[in-house]
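Report on one structure; see the data block that follows.
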Amino acid sequence: QVHVVESGGGLVQAGDSLRLSCAASGSTFSSIAMGWFRQAPGKERDFIATISASGDRALYADSVKGRFTISRDNAKNTVYLQMNSLKLEDTAVYYCAASRISWPTPWKENYAYWGQGTQVTVSS
């Protein structure tokens, strides 16, 4: 069982930066990949970024590639999402998720545990 809690969301202006954190419980954290997803009102929950258990590999959605960076600190059981050059279309609830496998994966069905989400709102 892994429990994840996101933090760091808020209201920012377009072009600003924000860093989300995801604290995870459980002794298996360092052996599982972690991911970030987001869901805008009326839309599906979409993949954003994922990182391998060891932190040496990451995958990104095209929409955030070059602007967002996922990282993790296994000693702190925490994964981060650094978001730069934020755009209006980045407004969404951002979810952290713990997967069932060690390699990075963009598929929601590979994620067993989800946080409650943190709101990110980008204004003009």
Side-chain angles (χ1 to χ4, degrees):
Q1 187 82 9
V2 178
H3 183 61
V4 296
V5 178
E6 306 94 338
S7 62
L11 173 64
V12 296
Q13 290 190 321
D16 284 352
S17 297
L18 199 62
R19 189 176 81 158
L20 305 182
S21 298
C22 171
S25 67
S27 59
T28 60
F29 179 80
S30 61
S31 65
I32 56 175
M34 298 291 293
W36 286 97
F37 294 75
R38 69 185 181 188
Q39 188 168 18
K43 295 190 176 182
E44 296 285 321
R45 188 173 298 188
D46 292 330
F47 163 74
I48 293 298
T50 178
I51 189 167
S52 63
S54 64
D56 62 342
R57 288 174 293 160
L59 298 175
Y60 296 93
D62 287 343
S63 58
V64 305
K65 200 173 294 183
R67 298 189 299 123
F68 291 11
T69 302
I70 188 171
S71 62
R72 65 190 295 161
D73 184 339
N74 284 347
K76 296 182 178 179
N77 275 24
T78 302
V79 63
Y80 305 96
L81 185 68
Q82 177 67 42
M83 304 185 294
N84 298 330
S85 303
L86 282 161
K87 303 176 181 180
L88 298 180
E89 53 264 41
D90 293 321
T91 295
V93 177
Y94 283 69
Y95 296 90
C96 177
S99 81
R100 299 183 177 93
I101 57 180
S102 63
W103 56 90
T105 172
W107 311 114
K108 288 192 289 287
E109 54 267 28
N110 286 334
Y111 291 84
Y113 306 101
W114 295 80
Q116 293 299 305
T118 185
Q119 176 71 46
V120 173
T121 303
V122 184
S123 66
S124 59

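Along the sequence shown, the residues carry numbers beginning at 1.
Across all their heavy atoms, V2 and S25 have their closest contact at CG1-O, 3.4 Å. Between S30 and R72, the closest heavy-atom pair is CA-NH2, 4.2 Å. Across all their heavy atoms, V122 and L88 have their closest contact at O-CD2, 3.3 Å. The minimum heavy-atom distance between V4 and A24, with the atom names listed, is CG1-CB, 3.9 Å. Pairing each heavy atom of M34 with each of C22, the nearest pair is CE-SG, 4.1 Å. Shown here for S31 and A53, the closest heavy-atom pair between the two residues is C-CB, 3.4 Å.
Using modelled atom types, no side-chain atom of D16 and backbone atom of L86 make a donor-acceptor pair closer than 3.5 Å. Remark: side-chain polar atoms of Q82 are not paired, donor with acceptor, to backbone N or O of T69 under 3.5 angstrom. Using modelled atom types, one side-chain atom of Y60 and one backbone atom of I70 make a donor-acceptor pair closer than 3.5 Å. S52 places no side-chain N or O within donor-acceptor distance of the main-chain N or O of P104, the cut-off being under 3.5 Å. With S85 contributing its side chain and R67 its backbone, the two residues share no donor-acceptor pair below 3.5 Å. Between the K108 side chain and the F37 main chain, no donor and acceptor come within less than 3.5 Å of each other.
Two rings, from F68 and W36, have their centers 6.0 Å or more apart.
Looking at heavy atoms from C-beta onward, D90 lies in side-chain contact with R38 at the 4.5 angstrom threshold. Residues Y111 and T105 meet the side-chain proximity criterion, which asks for heavy atoms closer than 4.5 Å. At a threshold of 4.5 Å between non-hydrogen side-chain atoms, the residues Y80 and D73 count as touching.
When the shell of 6.0 Å around CD of Q116 is examined, it contains 12 or fewer heavy atoms from other residues, nucleotides or ligands. No more than 12 heavy atoms of other residues, nucleotides or ligands sit less than 6.0 Å from atom CH2 of W103. The environment of E109 atom CD is dense: over 12 non-hydrogen atoms of other residues, nucleotides or ligands sit within 6.0 angstrom.
Tracing side-chain contacts under 4.5 Å through hydrophobic residues (I, L, V, M, F, W, Y), one never reaches L20 starting from L59; they form parts of separate clusters.
The pair D62-K65 meets the salt-bridge criterion, with a side-chain N (NZ, NE, NH1 or NH2) lying under 4.0 Å from an Asp/Glu carboxylate O.
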